[in-house]
Amino acid sequence: MDWHEDNLQQLAAHPCCGYDCDRSASEPTALTALALIAGGRRDEAREATDWLASLQDENGAIGVRRDEPTPRWPTSLAVLAWLKSAAQPEMNGLYRSSVERGLAWILSQRGKTRSRTKAASHDPTLVAWPWVEGTHSWIEPTALHVLALKMAGYTAHPRVREAVRMLIDRQIPSGGCNYGNTTILGQQLRPHLQPTGVALLALAGESYRHGRIQRSVGYLQDNVSRDTSTVSLCWALLGLSAHGRATPAAEDWLRARYRSGGMKGLSPLKRALIALAVQGAEILLPSPVRA
Amino acid sequence: MNSEQGNPPIADSKPALESSELDRRALIIGSSLAAAGLIGYPLVRQILRERASVFIARNQRYQGSLVQTIRDGLVATGLAPSGLQGKRVLLKPNLVEPTRAAPHMTTHPAVIQAVAEVFRTWGAEVLVGEGPGHLRDTEMALIESGVQEALDSDGLTFADLNYEEVAWVENAGRASKLSGFYFPRSVIEADLVVSLPKMKTHHWVGVTASLKNMYGVIPGIKYGWPKNVLHHAGIPHTVFDINASLPKTISIVDGIECMEGDGPIMGTLKTMGLIVIGTNPTAVDATVCRLMRIKPARVSYLQRAAGRLGPIDNGLIDQHGERWEGLASPFAILDEPHLQGLREGVLVS
């Protein structure tokens with residue numbers, strides 16, 4: 001795949017990157033690091049993981065950009081990148097302190113809970129993770145923190161088990177999920193591809209007897225297509241990959257999205273996600289590595 | 001929880017901003033807009049007298065002569081075209097959670113195109129910006145809403161307000177506990193922000209139009225998806241505060257195909273065929289409420305904004321174009337306790 005190698009080459013040229021052609025940000029940089037590591041470009045990834053380490057606050061957290069220490073939701077992505085970087089044999093012990101402090105910060109955080117109400121069908125008493133400290137728990141930050149904790153070997157940790165229950169609870173009964181609500185004032189809400197894909201990554205290896213996970217897998221299979229926007233397409237394919245569902249046309253779709261950038265080019269975030277989606281979910285899934 | 005789909009708003013508390021401070025603020029806003037040439041001095045006098053003008057056009061269609069309607073409405077309500085040469089104008093549509101299944105949820109692309117054409121004709125540099133509240137994938141929001149096609153067709157630049165670099169702005173309203181807001185660069189740099197909301201009911205706060213639409217200038221990267229920080233600080237309080245901190249805002253409401261019932265996301269289509277325009281978003285929203293047969297003073301954030309950000313009293317709003325009295329039609333409202341009292345009479349569920 002020449003286009004994939006071209007993509008990796010572009011990522012390697014600027015591993016510390018922003019959402020667009022702007023100031024470097026933690027999320028796109030961490031995803032670029034993971035894409036490069038998955039593509040065997042460990043040395044180039046090092047620049048990104050070092051940059052992330054340079055952002056780490058004394059409390060162990062990573063903010064959204066340099067000089068923007070809050071909110072701290074990208075901490076999970078940085079931990080994922082450090083763990084995968086440290087998993088390379090020649091880098092044994094690297095980022096150990098960063099990972100430990102990052103995990104400690106993650107485990108110190110709790111989304112706000114409240115009592116059940118008639119207005120919402122989901123269980124707001126479950127403790128998971130918010131986007132911003134002091135607010136409620138939502139799907140994507142919870143899923144990303146679960147991924148980081150599982151990759152660090154904390155699959156059986158009570159916080160992870162409760163967060164998994166929250167992710168399942170927030171799946172819409174007919175399949176898929178959105179930012180984190182299911183039924184409000186008696187009306188079932190619409191699912192979306194990106195949060196469903198991210199949630200299913202975190203739910204890989206989990207089982208639930210009422211079939212909610214499988215219905216969400218089915219939602220992705222039924223709704224992802226060549227016309228899906230880039231970011232949603234990539235997270236959806238990663239979610240399917242995490243559940244062993246091959247998408248035969250995936251490479252064609254990703255190549256088409258890669259080439260859709262035209263002369264202006266795709267944003268670094270989209271390039272990183274395309275590179276990850278081409279290589280499958282393995283890089284984001286738990287491994288025996290413990291920091 | 002989420003303003004669109006989560007907890008009901010918390011109980012109101014008395015705003016911290018005293019009326020004398022707000023009068024001074026109105027003077028500053030009016031004077032600065034006039035000095036910038038964006039509004040005429042008659043409008044400054046109106047603001048100082050706490051009056052505002054609202055223009056309503058009926059029988060509007062997305063395939064119709066929207067450009068003429070919008071031009072007429074802006075001029076009638078006091079915008080000075082001569083002052084827009086070279087100015088940066090940010091158009092802020094409502095793309096909260098677009099889906100092709102519910103085009104009546106989001107601002108129609110034809111309205112965005114028409115407004116852009118008007119401001120471009122007047123020599124302004126036009127940018128379209130939005131930070132969808134429920135979607136991290138803004139490209140998807142643009143595709144599903146049809147706005148991407150419109151942007152491409154007209155060569156319009158889009159700013160993703162969820163991810164842009166930000167600057168801190170002091171909270172000029174102080175109704176909530178928030179000391180300030182992170183605003184995206186495109187908002188900070190704009191000479192004029194144009195709220196382009198959809199006319200909808202809202203299942204927590206009753207109505208969403210010009211003022212509530214400005215939640216979309218708040219960046220998700222700092223506030224989350226949904227922008228839960230705002231909800232915890234109080235929806236009516238933060239709607240007021242954001243708008244109090246964004247002085248350079250006018251409003252053009254897409255009231256052609258509207259949403260009633262379980263808005264702002266899951267409601268049903270209600271066709272009104274209206275465009276509502278004004279240089280004072282509070283007065284525009286009060287008029288939108290009347291068109292929906294909802295009492296503006298019973299919408300908590302309008303109650304808070306009344307006399308501070310603009311008038312909601314019908315006697316203080318000069319009507320241009322059509323009068324609302326002949327066009328009003330009751331919008332269905334969910335039969336929920338917190339929505340009781342939005343209007344007199346029986347609620348429709």
Side-chain angles (χ1 to χ4, degrees), chain A residues 18-20 22-23 25-28 63-65 68 70-71 73-74 111-112 114 117-120 122 124 130-141 178-190 192-195 198 227-235 257 260 267 269-270, chain B residues 1-2 4-8 97-102 105 132-144 148 152 158-160 162-166 168 182 185 203-204 219-233 261-263 265-267 334-339 349:
Chain A
Y19 285 98
D20 207 338
D22 53 3
R23 204 155 55 96
S26 302
E27 182 186 24
V64 292
R65 294 186 180 96
E68 290 185 58
T70 60
W73 56 266
K112 282 182 83 168
R114 60 173 172 78
T117 66
K118 287 182 180 175
H122 64 261
W131 289 103
V132 183
E133 289 168 63
T135 62
H136 291 304
S137 301
W138 300 98
I139 286 280
E140 287 193 57
N178 51 44
Y179 46 87
N181 282 339
T182 53
T183 299
I184 297 293
L185 297 174
Q187 180 104 271
Q188 184 171 296
L189 306 182
R190 297 183 183 93
H192 294 292
L193 293 169
Q194 174 172 349
V198 178
D227 296 329
T228 303
S229 55
T230 306
V231 171
S232 292
L233 172 65
C234 293
W235 283 115
R257 298 313 300 179
S260 71
S267 71
L269 179 81
K270 290 177 181 174
Chain B
M1 288 292 287
N2 167 13
E4 305 289 359
Q5 302 289 344
N7 281 340
E97 190 185 327
T99 166
R100 290 186 177 93
M105 183 208 305
H134 291 180
L135 296 174
R136 285 244 281 156
D137 182 358
T138 308
E139 182 189 10
M140 191 188 106
L142 292 171
I143 292 171
E144 289 287 314
Q148 184 64 60
D152 294 342
F158 180 81
D160 188 342
N162 273 333
Y163 296 99
E164 268 197 344
E165 292 185 45
V166 297
W168 178 256
Y182 290 103
R185 183 184 60 230
H203 64 193
W204 294 132
I221 190 173
K222 302 293 279 186
Y223 292 79
W225 289 266
K227 296 162 185 178
N228 206 201
V229 176
L230 303 178
H231 311 145
H232 283 270
D262 195 6
I265 307 297
M266 303 301 292
L334 293 184
D335 189 6
E336 294 288 337
H338 63 277
L339 298 175
S349 59

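Chain letters run A, B, ... following the sequence lines, proteins first, then strands; residues in each count from 1.
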Subject >> Region of A:Trp73 that comes under 4.5 Å of a non-hydrogen atom in chain B >> reply: side chain
Subject >> Which portion of B:Glu164 sits near chain A, non-hydrogen atoms under 4.5 angstrom >> reply: backbone
Original post:
If only atom types and distance count, is the side chain of A:Asp20 paired as donor or acceptor with the main-chain N or O of A:Ser267 below 3.5 Å?
Top reply: no
Original post:
Which region of B:Ile221, side chain (C-beta onward) or backbone (N, CA, C, O), has a non-hydrogen atom less than 4.5 Å from a non-hydrogen atom of chain A, or is it both or neither?
Top reply: both
Subject >> Part of A:Gln188 lying under 4.5 Å from any heavy atom of chain B >> reply: backbone
**OP:** Taking atom types as modelled, find out whether A:Gln187 and B:Asp262 have a side-chain donor-acceptor pair closer than 3.5 angstrom.
**Re:** yes
Subject >> Region of B:Thr138 in contact with chain A, defined by heavy-atom distances below 4.5 Å >> reply: neither
Subject >> Residue pair A:Glu27 / A:Tyr19, side-chain donor-acceptor N/O under 3.5 Å >> reply: yes
Original post:
Contact part of A:Arg65 toward chain B, heavy-atom cut-off under 4.5 Å: side chain, backbone, both or neither?
Top reply: side chain
Original post:
Between A:Ser232, A:Ser137, A:Pro195, A:Gly134, which shows the greatest number of heavy-atom pairs under 4.5 Å with chain B?
Top reply: A:Ser232
Original post:
Is there a donor-acceptor pair under 3.5 Å between the side chain of B:Asn162 and the backbone N or O of B:Pro132?
Top reply: yes
Original post:
Are any of the side-chain nitrogens in B:Glu97 or A:Arg190 under 4.0 Å away from the carboxylate oxygens of its partner?
Top reply: no
Original post:
Does the ring centre of B:His134 sit less than 6.0 Å away from the ring centre of B:Trp225?
Top reply: no
Subject >> chain B contacts, top residue of A:Thr70, A:Ile139, A:Leu185 (heavy-atom pairs, under 4.5 Å) >> reply: A:Leu185
Subject >> Short side-chain to backbone donor-acceptor contact, B:Thr99 and B:Ala101, under 3.5 Å >> reply: yes
**OP:** Using non-hydrogen atoms and a 4.5 Å limit, figure out which bit of A:Thr230 sits close to chain B: side chain, backbone, both or neither.
**Re:** both
Original post:
Does any heavy atom of chain A fall under 4.5 Å from the side chain of B:Leu135, the backbone, both, or neither of them?
Top reply: side chain
Original post:
Atom CH2 of A:Trp131 and atom CH2 of A:Trp138: how far apart are they, to the nearest 0.5 Å?
Top reply: 11.0 Å
Original post:
With only heavy atoms counted, which part of A:Asn178 is less than 4.5 Å from chain B, the side chain, the backbone, both or neither?
Top reply: neither
